Amino acid sequence: MPLETNRMKIEQHITAAAVQAVKELYQQEIPETQLAIQDTRAEFEGQLTIVVFPVVRFSKKSPEATATDLGEYLVANIEEVTAFNVVKGFLNLSIAESYWIDQLNNELLSPDFGILPSNGKKVMVEYSSPNTNKPLHLGHVRNNLLGYSVAELLKAGGSEVFKVNLVNDRGIHICKSMLAWEKWGNGETPESSGLKGDHLVGKYYVIFDKEYKKQIDALKLEGQTEEEAKKNAPLIKEAQAMLLAWEAHDEHVVELWRKMNGWVYAGFEVSYKNLGVDFDKFYYESNTYLLGKDTVDEGLAKGVFFKKEDGSVWIDLTADGLDQKLVLRADGTSVYITQDLGTAQMKYDDFKMDESIYVVGNEQDYHFKVLFLILDKLGKGWAKGLYHLSYGMVDLPSGKMKSREGTVVDADDLVSEMIETARQKTEALGKIADFSEAEKEALYYNIGLGALKYFLLKVDPKKRLLFDPSESIDFQGNTGPFIQYTHARIKSLLNKAAYQSAPVPADITLSATELDMIILLGKYPAEIASAAKSFSPATMANYLYEVAKLFNKFYHEVPPIVKEEDAALKQLRLDLSSVTANILKSGMRLLGITVPERM
RNA sequence: GCAUCCAUAGCUCAGCUGGAUAGAGCAACGGUUUUCUAAACCGUAGGUCAUAGGUUCGAAUCCUAUUGGGUGUACCA
């Protein structure tokens with residue numbers, strides 16, 4: 001069952017009538033798609049507007065005359081259309097107030113408002129996908145929040161969603177940390193050092209790099225080129241040997257690997273919990289890195305791949321504007337794309353999903369283009385459901401973050417800084433004297449994380465994002481705390497007024513702002529659907545901001561609602577407030593943000 | 001070199017499949033509290049939508065070129 005809100009119904013109704021009008025008045029068939037209905041701009045009378053320029057071709061009249069023809073027809077034929085005015089080529093329609101009140105009573109106040117019908121689709125969202133050689137940084141935070149939110153949006157949009165995390169737990173980079181720890185760690189553990197496990201391992205990753213660089217420099221002094229030195233440094237050779245030992249199931253190496261990965265997982269668990277993200281299933285590359293060779297055989301058999309003289313296997317994508325791409329090394333070992341081919345097949349076999357979203361940075365655009373194209377060429381029907389949600393890098397004012405150069409914003413540090421800032425700001429306002437310690441801590445957490453999450457999610461995922469560590473994230477204006485505050489304020493109001501949901505009389509008079517609220521609040525279900533469709537928490541964030549802003553305007557305009565003596569008016573205003581609060585709460589939840597009852 | 005993404009106010013960003021006079025927030029300046037939470041509200045100021053062409057009744061939006069930036073172009077992942 002497709003989503004159908006009152007707003008959609010009336011738009012369809014008007015569109016259909018306009019088509020009919022063109023038929024009757026001008027004896028022409030106009031396609032519905034030519035008739036766009038939009039909100040009427042605030043400075044004009046009316047709520048809905050038809051742009052009539054496209055109709056002029058059919059009417060052979062001026063835009064004004066055409067608009068007037070249509071306006072007269074719509075007033076005569078649609079009950080809800082009470083009046084119209086024409087400004088240039090724009091036909092502004094006034095919709096009966098009773099219609100909007102009916103929408104409030106029967107749609108917005110309904111308990112299942114904002115709950116979309118199932119669309120029967122199964123969707124996988126793969127996100128996070130960390131390396132186990134270093135702690136999470138701000139770039140990972142963006143990935144995690146995006147992936148989580150997109151998954152929640154898809155669920156809210158009616159899909160069945162599986163969140164999965166493909167952990168990159170093996171490879172040369174992991175061996176680097178392991179080797180450095182073995183050489184210089186003196187048996188240091190999270191317990192002995194008090195360091196969080198992922199940070200401890202990350203420390204040795206950095207040490208490896210430092211020592212490796214020293215060796216490279218030494219070799220360069222001996223006359224080797226940069227490239228030679230990088231290849232010949234003893235440390236890298238040791239790391240490579242360790243990787244081979246790992247692949248050969250060397251007991252000692254595997255044990256070390258288990259131990260250090262265990263530390264990292266314990267650390268990640270804390271970070272994930274702080275960020276409020278979760279997964280339905282974990283995949284580990286240590287289990288999947290050998291996959292894909294069957295797929296390679298399949299491709300060879302189908303003639304999609306070809307073998308070079310040295311035995312390496314390739315695909316020629318030059319006809320598609322891409323390059324030739326290696327899919328299997330001459331020695332029969334996998335490359336990145338080999339395992340991704342295999343993993344894609346495995347994930348599909350596991351879940352039989354209709355769509356699969358990979359939340360991965362835009363530096364891998366090319367890789368996914370190739371991956372999806374190959375799967376398609378292999379005749380995988382499900383390949384058309386694959387989608388790379390490619391998000392932009394998080395940059396610092398100084399440029400890109402680099403773990404090895406220490407210019408990263410650490411995820412755990414950032415989270416604690418945000419909580420600390422929330423604490424300071426909240427204490428400065430002094431509104432929560434009666435909170436228990438536990439309530440205070442929960443509030444600081446919710447506000448701090450709310451500010452952070454909103455900050456990262458409000459910008460279009462595709463765009464790169466600038467984070468300036470020297471400027472703290474705002475708590476005022478278009479921010480998470482602003483929306484949280486609006487919610488808390490409404491809840492306080494509803495409590496004081498002992499609010500009970502009830503319909504309002506059909507003949508009540510609405511102020512301009514109240515009418516605007518009904519119109520804006522009524523768009524919520526469509527906002528969910530569109531945010532889910534476009535995989536964009538940003539559109540939801542911006543919508544929620546509009547809602548909060550409009551409420552605050554309304555709240556200031558209107559005399560104290562609690563003291564309102566006109567019962568119908570009081571009910572109307574409380575209903576509008578309550579619907580606003582519900583939308584803010586459930587919408588923010590889709591962003592992974594908790595809104596407090598008081599703050 | 002080739003591929004690909006991006007360029008909107010001092011800063012950070014909205015602007016949906018082309019529609020009315022391009023909008024917010026921050027920063028700046030001014031105002032609002034005996035009234036339901038001032039993390040709020042109202043106002044002032046701030047723009048050649050990178051540049052040049054083109055398509056169109058109409059372009060920030062679509063097309064082409066140019067400039068400037070990001071990323072990729074590994075038998076790394």
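Owing to the predicted nature of the structure, the values given are computational and were not obtained by experimental measurement. Below, read A as the first sequence line, B as the second, and so on, with proteins coming before strands; counting in each chain starts at 1.
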Any residue meeting side chain to side chain donor-acceptor pair (under 3.5 Å) with D575(A), in chain and number order, not counting sequence neighbours: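 Once residues adjacent in sequence are excluded, the partners of D575(A) under the side chain to side chain donor-acceptor pair (under 3.5 Å) criterion are Y499(A), Q571(A).
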Identify the pairs formed between an N or O of the protein and an N or O of nucleotides 18-20 of chain B at a distance under 3.5 Å, and give each distance.
unit_1	atom_1	unit_2	atom_2	d
A20(B)	N6	T49(A)	OG1	3.1
A20(B)	N6	N92(A)	OD1	3.2
A20(B)	N1	N92(A)	OD1	3.4

May I ask you to check whether [Y] and [X] place their ring centres under 6.0 Å from each other?
{"X": "F372(A)", "Y": "H388(A)", "value": "no"}
{"X": "F551(A)", "Y": "F554(A)", "value": "yes"}
{"X": "Y454(A)", "Y": "Y545(A)", "value": "no"}
{"X": "Y284(A)", "Y": "W257(A)", "value": "no"}
{"X": "Y387(A)", "Y": "Y358(A)", "value": "no"}

For nucleotides 37-39 of chain B, list the nitrogen or oxygen atoms of the protein found under 3.5 Å from its nitrogen or oxygen atoms, one pair per line.
unit_1	atom_1	unit_2	atom_2	d
U37(B)	OP1	S492(A)	OG	2.9
U37(B)	OP2	K496(A)	NZ	2.5
U37(B)	O2'	Y485(A)	OH	2.1
U37(B)	O2'	R489(A)	NE	3.0
U37(B)	O2	K431(A)	NZ	2.6
U37(B)	N3	M599(A)	O	2.8
U37(B)	O4	M599(A)	N	3.2
A38(B)	OP2	R489(A)	NH2	2.4
A39(B)	OP1	K431(A)	NZ	2.0
A39(B)	N6	T426(A)	OG1	3.2

Quick one about [Y] and [X] (side-chain donor to acceptor, distance below 3.5 Å, no hydrogens or angles considered), yes or no?
{"X": "D169(A)", "Y": "N261(A)", "result": "no"}
{"X": "S334(A)", "Y": "Q339(A)", "result": "no"}
{"X": "Y283(A)", "Y": "N165(A)", "result": "no"}
{"X": "R489(A)", "Y": "N552(A)", "result": "yes"}

Nearest listed nucleotide, side chain of V562(A), among U4(B), C36(B), C42(B):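 Output: C36(B).
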Lys/Arg-Asp/Glu bridge criterion (N-O < 4.0 Å) met for D566(A), R573(A): no
Pairing of D69(A) and K61(A) as salt bridge, 4.0 angstrom limit: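 Salt bridge: yes.
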Over-ring placement of K440(A) relative to F435(A), 6.0 Å and 45° cut-offs: no
NZ or CZ of K308(A) within 45° of W314(A) ring axis and under 6.0 Å: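 Flagged: K308(A) positioned over aromatic ring of W314(A).
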Taking the [atom1] atom of each, how far is [N] from [M], in whole Å?
{"N": "U61(B)", "M": "G18(B)", "atom1": "C1'", "result": "6 Å"}
{"N": "C16(B)", "M": "U8(B)", "atom1": "P", "result": "16 Å"}
{"N": "G1(B)", "M": "C63(B)", "atom1": "C1'", "result": "25 Å"}
{"N": "G23(B)", "M": "A60(B)", "atom1": "C1'", "result": "12 Å"}

Look for any protein N or O under 3.5 Å of an N or O in nucleotides 74-77 of chain B and output each such pair with its distance, or none.
unit_1	atom_1	unit_2	atom_2	d
C75(B)	N4	D310(A)	OD2	2.8
C76(B)	OP2	R329(A)	NE	3.2
C76(B)	OP2	R329(A)	NH2	2.2
A77(B)	OP2	Y336(A)	N	3.0
A77(B)	O3'	E285(A)	OE1	3.0
A77(B)	O2'	N168(A)	ND2	2.5

Within-4.5 Å side-chain heavy-atom neighbours: I374(A) and V327(A):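 Yes, their side chains come closer than 4.5 Å.
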Secondary structure of RNA chain B in dot-bracket form (Watson-Crick or G-U wobble, distances below 3.5 Å, | marking inter-strand pairs): (((((((..((((.....[...)))).(((((.......))))).....(((((..]....))))))))))))....
Heteroatom pairs (N/O) under 3.5 angstrom, protein to nucleotides 6-10 of chain B:
none

